[in-house]
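Structure first, commentary second.
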Amino acid sequence: MRIGFNFLASGFNTPAGQSETNLDDFLTFAAQYGASDVVLQSYDKWGAVPGTERWEFADLLKLRMQVESHGLHLEALENVPTAFYDHIMLGGPKRDEQIENMIHTVRSIARAGIPIFGYNWMPSNVWRTSFHTLNRGGSKVSSYDHHEHVNAPYTHGREFTEEEMWGNLEHWIKIITPIAEEEGVRLGIHPPDPPVKSVGGIPRLLTGFDEYKRLIEIVDSPSNAIEFCQGTFSEMEDAADGGIYDMVRYFGERNKILYVHFRNVSNPGEPFQEEFINTGHVNMYKMIKIYQEVGFPGVLVNDHVPDTIGDTQWGHRGRAYANGYIQALMDVVAEEEATAAEAESVSDAAGAPNTVYGPDATVSHGIPLGESSQQPERSIFAPPGPAMIETPNPAMLPEGDTDAPTDEGRDRSTAGDADSRETGDGSA
Amino acid sequence: MRIGMGRNSASDAQALRFMAQLGIQDVVLNTPPVPVKNGKWELVDIVALKNRVEEFDLKLTAIENTQIDMRHHLITGGPMFDEQLENMVETIKNIGRAGIPMYTMSWRYPRYYRTGHVDIGHGAMGTAYDASVENWPDVLDWELTEERAWECLETWVKTVTPVAEEYGVRIGMHPVDPPMPVVAGVPQLLHNFEGYKRLIEIVDSPANGILLCQGSFSQMAGADKEGGPSIYEMIEYFVKRNKVLYVHFRNVSGTVPKFHETFINTGHVDMYRAMRIYAENGFDGFFMDDHVPHTVGDTDYGHRAKAYANGYIQALIETVTNTSLHGAH
C-alpha cells in the first residue's frame, strides 16, 4: 500500500481564473508530505493536458516526466473532459467518433507509461445540494439531499432509461477492455456521486454493490476494474450495516480496486454530508486493515476535505490533516503485519529448525520482512540523507515570549531576526 | 487520551477556530502576551484569556510558560531570586483561581535553541542542533554552579508545590532543549533521565509533574538506544508514576550532540510504539503537535504541517484506544 495526493493537473482555478497553485508547487507539497504517488485529475472542462477531443502521447509523457522530476510516481490519470465521451455514455450521434478518439487517448496514456486510467460514467458530473453546509467549528462541507433534486430539469433533453445506459456502458467496456489489456493499462470507473438511481433524467447506473458486480462481469479482465472512491461507496445505501466493509473486501479480494479515494461521509444513503476523515460513519482503521488483509497493492489518496478557516480552495491544510491521518494508519498496519510475521517466523523456526527467513523473505503481500520491521526510518516516507545548510541566524527561540515587550534581555543577544518568526507552542 | 493543540496567543481568532474545526479537546497557550504587572500575572488578565478561548467552545487546559524575564533569576540564582519566587507563586495562585488546571514551564536559561536547518526531503526544512558548531556566548553576570542551580530548583519546587496543590494546579516541567548539560555557560539540570528522576523526588505530589516534550526527551543522549535509556523506557517510567501532564508529540533524528527535527513519522522514534506505551500504562492526558518542519507555501506558524502532525496523532490515539475521539462510531 502506498500513499498519494490527487489534484487537478491544470492547477486549481479560483473564481478570478488565476491558478491558485501551479502543478510544480502541488507536486512539491505532495513530495514533502510523504507521498510516493500522485493521481492527476481532469474534471468536466479542465483537462490534464491540451486537447478538445483526445490526448496525445507527447503531452502525457511530458506530464509524467514533470511528476517524476519531483521524485514522485504518476500512478493514474483521473477523468478526461466530459465532452470527450458524453456521446459514448448517452449513445449520441458522435458515439463512434468519440470511441475512436478515446481509444487513441487510452493508448496514449498507456504508452506514456501511466499505469491506470480512472474515469466515471456521469454525463452530468457530481451533484451537490450545498457546498457550504456548516460542520464542526464552522467548517464547511458539501451535502446532498435528493428531495431538492427530484424535479431537476433534464440535463440532456430527455429521460434516459437504465437499459439504454447499461447498453452504452457494455458496448464501451467490450471495445476498450481488450485494447487496454493489450496496451498494459488498467481502467476503472468511479461511482456516481451521489449514488442515487437517477437525477436530471440520467440514470446513474453504478449505485450499489450489485451494479458494480455487474460491471466487472461484463468482461473479466484486470483492465475492467474500479476507481474506488470510498467516499462515494460510503454514501451508498449498500454501505449500511457494515456493507461498506463487505464491498471493500469483495472487490479487494478480486483485485478490482485500482486506487482509493480514502475519505469519509456522515451516513449511508441520502441526505448525507461529507465529513472529516475521522468523523464519518466509516471506521477508517477497520477499513485500512481490510485493504491490508486483501493485499491491496495500490495507492490511497485523501481526496476532498472539509473547508477549514484560512485554508486554500484546494484545502492544503485539510488535506495535510487527512494525509497525516492516513499515514499513521498505514504505519500502524505495516508495523502490525511485521510483528505478526516476526511472531510467525519465530514459531516456525521453533517447530521446523530448517525454516529460514532471510532478508529477502516476504510476507503475504510482498513486503520484505527486513524492510518493514526496520527502525527508525520505517515509514512510507524515507527522506534523503540530511545535509546541513548554513543559516545566518542560528539561535532560534520558539517560545511565544520572543514577542513580549519586556523581553529585551540578554537571552536574545544572538537571536537575529528570530522574533520575526511566528511561533507558538514550541518547546521551551 | 485526548487531542490538544497550542498557540502563543488567544488573540488569533483564526487559530482558535481552526482548533475547533479539527476537534481539539485541550488548548495550550504558550507564553501568551499577558501583561506583567509588578512582576506577576493578575487574575483578571488570566480570566480574560480563558474566556477568550471558551468563546470558541474550546477548553484552556494549560498555560505553558510565562515571560522569561519573570523567572530567569529564579532559574539561575540571580539577585532577584526571592522577588521572582514570590511573584511566580502569586502567578500560580492566579492561574488556579482562574480555573486553569495546568501550568507548564521550562527550567532553562538562556533560551538558545538550534544551530541551523536541515533539508529533510524535497526541500522541507527541519531545525537542527550541532554542538560542534555551536558557539553561544556566556550569558550570566554571576557565578552559577550545578549545586546552586539544583538548590534554586529545589527551593522552587518545595515552595510552589503545596501552593499549586491548594489552588488546584498541576505544574509540569519541560526539558531543556537542546538537552545539553551546559548551555552558554549555564548548568542545565533537566537534560536527562537522572535529572528528571531527581526532580520528581523533590516533592512527591501530583502537582510536581512533567510536560513530556517527547521531542526533547528523544534528543537526550542515549534516547535512541535500548537501555540508553531509550525514549520508550523514559515514557514508561514517568507515565507509570502518573507524572506526565501532557505530551509534545514530535519526532527527531539523532540525539545530542547532534540532531535535527523531522516529520512526525520520519525520525528515530516509532510513534506507534510510543503511543502504545502511554495507553498501556494508563495515561489520561492529551497529546499535541509541536513545532514542525517548514514546507512549501506554509505559514511561518506551520498551519499545514501542524494539521498533518495533528491528523497523524489523532489516528494513533484512535487506533491504540480503539475508540473515536469524536464519538463518530
Side-chain angles (χ1 to χ4, degrees), chain A residues 25 28-29 31-33 71 136-139 278-281 283 285 308-310 316-317 320-325 327-329 331-332 335 375-377 379 381 383-384 386-391 394-401 404 406-407 409-411 414 421-428, chain B residues 6-8 14 17-18 20-21 23 28 30-31 33 36 65 67-69 106 110-124 139 174 177 213 215-216 248 260 265-266 268 270 272 290-291 295-297 300-301 303-304 307-312 314-316 318-319 326 328-329:
Chain A
D25 281 349
T28 303
F29 178 83
Q32 290 185 345
Y33 280 91
R136 184 176 61 192
S139 58
N278 59 336
T279 59
H281 78 89
N283 181 330
Y285 174 48
T308 52
I309 189 162
H316 286 80
R317 295 176 189 177
Y321 173 81
N323 182 261
Y325 194 92
Q327 290 208 20
L329 293 185
D331 287 346
V332 166
E335 192 164 322
Q375 287 296 331
E377 321 275 71
S379 175
F381 173 41
M388 280 300 291
I389 290 177
E390 295 294 327
T391 43
M396 288 174 298
L397 307 170
E399 272 184 33
D401 61 346
T406 55
D407 195 358
R410 53 173 67 84
D411 67 326
T414 64
R421 197 177 135 89
E422 187 192 9
T423 54
D425 49 331
S427 81
Chain B
R7 196 69 167 105
N8 61 351
Q14 193 185 96
R17 181 75 67 201
F18 187 63
Q21 293 179 347
V28 173
N30 186 299
T31 328
V36 181
N65 284 320
Q67 289 89 334
I68 189 66
D69 287 359
S106 61
R111 301 225 324 284
Y112 294 146
Y113 184 56
R114 295 287 186 264
T115 56
H117 289 88
V118 161
D119 184 338
I120 57 169
H122 304 280
V139 291
H174 186 294
D177 184 3
C213 174
S216 303
H248 284 174
H260 66 265
N265 60 336
T266 61
H268 74 74
D270 176 345
Y272 177 42
D290 197 26
H291 28 104
T295 57
V296 62
D300 285 345
Y301 176 63
H303 284 84
R304 295 175 184 178
Y308 170 80
N310 199 271
Y312 194 95
Q314 291 204 23
L316 284 190
E318 293 189 326
T319 301
H326 313 290
H329 40 74

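Proteins get letters first, then strands, A, B, ... in listed order; numbering begins at 1 in each.
- Aromatic rings of A:Tyr321 and B:Tyr308 (six-membered ring for Trp) have centroids beyond the 6.0 Å cut-off, not under it.
- Interface check for chain B: of the options A:Gly280, A:Gly137, A:Ala322, the most heavy-atom pairs under 4.5 Å are formed by A:Gly137.
- The candidate from A:Thr279, A:Thr28, A:Asn278 with the greatest count of non-hydrogen atom pairs under 4.5 Å with chain B is A:Asn278.
- Interface residue B:Gln314: backbone and side-chain heavy atoms are both found under 4.5 Å from chain A.
- For B:Ala315 against A:Ala328, the heavy-atom pair with the smallest separation is CB-CB, 3.5 Å.
- Between B:Arg304 and A:Phe29 the shortest heavy-atom distance is CD-CE1, 3.8 Å.
- In this structure, the side chain of B:Gln21 does not engage the main chain of A:Arg136 through any donor-acceptor pair within 3.5 Å.
- Contacts between A:Tyr285 and chain B at a heavy-atom distance below 4.5 Å involve the side chain alone, from C-beta outward.
- Taken to the nearest 0.5 Å, the CD1 atom of A:Ile309 stands 6.0 Å off from the CZ atom of B:Arg17.
- At least one donor-acceptor pair closer than 3.5 Å links the side chain of A:Gln32 to the backbone N or O of B:His122.
- Side-chain contact between A:Asp331 and B:Tyr272 is absent, with no heavy atoms from C-beta onward closer than 4.5 Å.
- Ranked by heavy-atom pairs under 4.5 Å with chain A, the list B:Ala307, B:Ala328, B:Ala309 is led by B:Ala307.
- The shortest heavy-atom contact between B:Val296 and A:Asp25 is CG1-O, 4.1 Å.
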Evaluate A:Asn323 against B:Tyr312 for side-chain hydrogen bond (donor to acceptor under 3.5 Å, both in side chains), listing each step before the verdict. CA-CA 8 Å; A:Asn323 182 261; B:Tyr312 194 95; over 6 Å; no
